[in-house]
Amino acid sequence: MKYYSADHECIWLDGEVAYVGISKHAAEELGDITYVELPEIGHDLILGDTLGVVESVKAASDVYAPASGTVIAVNERLVDDPGLINVSPEDEGWICKLDNIDHDELDELMNEEAYAKYLKEA
Amino acid sequence: MEELRSTPIANEHVKLGARMVPFAGWNMPVQYAEGILAEHAHTREKVSLFDICHMGEFRVKGKDSAEALDGILARPVRDQKTGVCRYNFLLNEKGTVIDDLLVYRITEDEFFIVVNAGTRDGDAAQFRRHLPSGCTFTDESDETAKFDIQGPLSVEVIEKLGFKRETLPGYFKWIKGRIGSVDCLLSRTGYTGELGFEIYVPADKAVDIWNIIMAQENVKPAGLGARDTLRLEMGYALYGHELNLETTPVEAGYGKMLKLESGRKFIGSEVLVSSPAKKQLVAIELDGRRAAREGSIVRIDGKEAGKVSSGAFGPSLGKAVAMAYIYSGFPSSAGTRVSLDAGKASIDGVIGELPFYKNGTARKNI
């Protein structure tokens with residue numbers, strides 16, 4: 001199950017670990033991604049904190065924590081291949097993994113259906 | 001807000017999956033389906049077609065045209081030979097840049113001038129104000145379509161359009177020709193650093209010509225996004241960024257081309273001779289992929305020393321680059337370490353030399 005924020009982050013669970021990335025829609029809107037600033041491992045993020053930056057040829061965009069948690073891994077592949085986010089958004093193009101997620105915060109996010117509706121209305 | 005204008009190719013862009021954006025009052029393709037990085041690489045390796053119909057075209061005719069234009073434009077016009085294109089600047093009385101433009105000498109007494117889209121009306125007003133009554137000025141922008149064919153394989157494409165290789169113009173020269181039954185002007189110029197041509201045809205034939213070029217082997221469309229990264233890698237100035245009403249051509253690094261020491265007089269020349277440059281355009285190579293954007297502050301030893309005019313990831317360089325103005329009094333020589341503000345972070349870099357991309361084929365013998 002995937003959850004989406006109004007700022008177009010995407011978060012999905014694998015057991016107790018959450019993967020955070022940007023949505024397929026956000027990746028398409030940004031176009032070819034050329035740089036990703038990754039968060040530091042061990043950093044405790046609070047909902048809404050800036051966790052990184054995603055840059056495309058034309059624009060830079062902050063990535064916000066869609067839920068609170070502790071950064072336990074970052075996707076090192078994005079350092080040399082930031083375009084992986086365009087190729088495989090919401091999957092191999094994940095930015096970081098979070099532990100100690102606050103599940104109540106996830107419930108505040110949109111599910112796939114609600115996000116699709118949100119995009120249509122925007 | 002004024003309604004956006006569309007080029008004759010607008011429908012073709014949509015069919016090709018273009019993402020259209022407003023640019024200088026025009027609805028223009030920023031990229032097509034494959035994206036900016038693919039279009040950039042295709043231009044460097046093969047050949048791309050750009051719709052540049054938004055740009056303006058003027059014609060100046062009359063016995064005194066060369067003399068008159070020599071007094072209006074910052075680079076000499078009088079000594080420009082027929083058949084040659086020359087990059088030039090339209091300045092105001094303050095010596096700052098109203099526009100950068102390309103002047104084609106068509107005959108002894110006739111010039112074709114290509115200007116930026118956003119500055120077209122202001123340019124026309126400036127020419128009309130200063131040209132003597134013996135010269136006629138015509139704005140032919142609405143009747144003229146412009147396409148850029150750019151890339152190492154562009155000669156092969158031009159040959160398929162009916163031109164013979166041995167008749168093709170040399171770098172910064174032009175010829176008249178025909179594609180089928182359509183008259184055109186073809187110049188060996190461009191804005192990418194690659195071997196290429198700019199081609200002018202009547203606007204009512206634009207769609208036909210576009211489709212004929214698109215049908216040629218290896219040709220793919222490229223949008224304004226790739227045009228910008230390609231020109232930035234070459235360090236070519238873009239009006240509104242490196243050049244504007246706060247900047248002189250001397251500050252932008254074109255001082256030597258103006259032949260000020262010869263004593264020639266043109267609009268703005270007195271200020272250029274009497275006032276020292278307030279800033280100097282430099283090339284900055286950043287240490288990684290992260291780009292600095294226009295307006296970012298440049299710091300040298302922690303002090304505010306300048307401002308970025310253009311910045312992006314350079315796809316052919318694998319790292320970010322920027323052009324920036326360094327204020328006078330600060331070091332601007334190659335090798336100077338700088339740091340650029342990027343939001344809360346800062347990006348380190350070093351002043352380098354242009355072009356950033358050194359393997360361009362633009363001047364290649366054909």
Take atom [atom1] in [X]; do more than 12 heavy atoms of anything else shown fall under 6.0 Å from it?
{"X": "Leu245(B)", "atom1": "CG", "answer": "yes"}
{"X": "Asp301(B)", "atom1": "CG", "answer": "no"}
{"X": "Lys358(B)", "atom1": "NZ", "answer": "yes"}
{"X": "Lys46(B)", "atom1": "NZ", "answer": "no"}
{"X": "Glu353(B)", "atom1": "CD", "answer": "no"}
{"X": "Glu34(B)", "atom1": "CD", "answer": "no"}

query = Using non-hydrogen atoms only, which part of Thr50(A) is less than 4.5 Å away from chain B: side chain, backbone, both, or neither?
reply = side chain
query = Can you name the nearest heavy-atom pair linking Val79(A) to Arg289(B), along with the distance?
reply = O-CD, 3.7 Å
message = Show the nearest heavy-atom pair for residues Asp32(A) and Gly35(B), with the distance to one decimal.
response =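 Heavy atoms only, the tightest pair is OD2-C, 3.5 Å.
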Value rounded to 0.5 Å, distance of NZ in Lys58(A) from CG in Leu224(B) =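 Answer rounded to 0.5 Å: 8.0 Å.
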Separation of Tyr35(A) OH from Ile347(B) CD1 (nearest 0.5 Å) =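 Interatomic distance, Ile347(B) CD1 to Tyr35(A) OH, rounded to 0.5 Å: 7.5 Å.
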key: Flag side-chain contact, heavy atom, 4.5 Å: Glu55(A) against Arg293(B)   = yes
request  = Please tell me if the side chains of Leu37(B) and Thr34(A) come closer than 4.5 Å, counting only heavy atoms from C-beta onward.
outcome  = yes
key: Part of Ala320(B) within contact of chain A (heavy atom distance under 4.5 Å)   = neither
Contact leader toward chain A among Arg19(B), Gln31(B), His40(B), where contacts are heavy-atom pairs under 4.5 Å =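 Looking at each option in turn, the highest pair count goes to Arg19(B).
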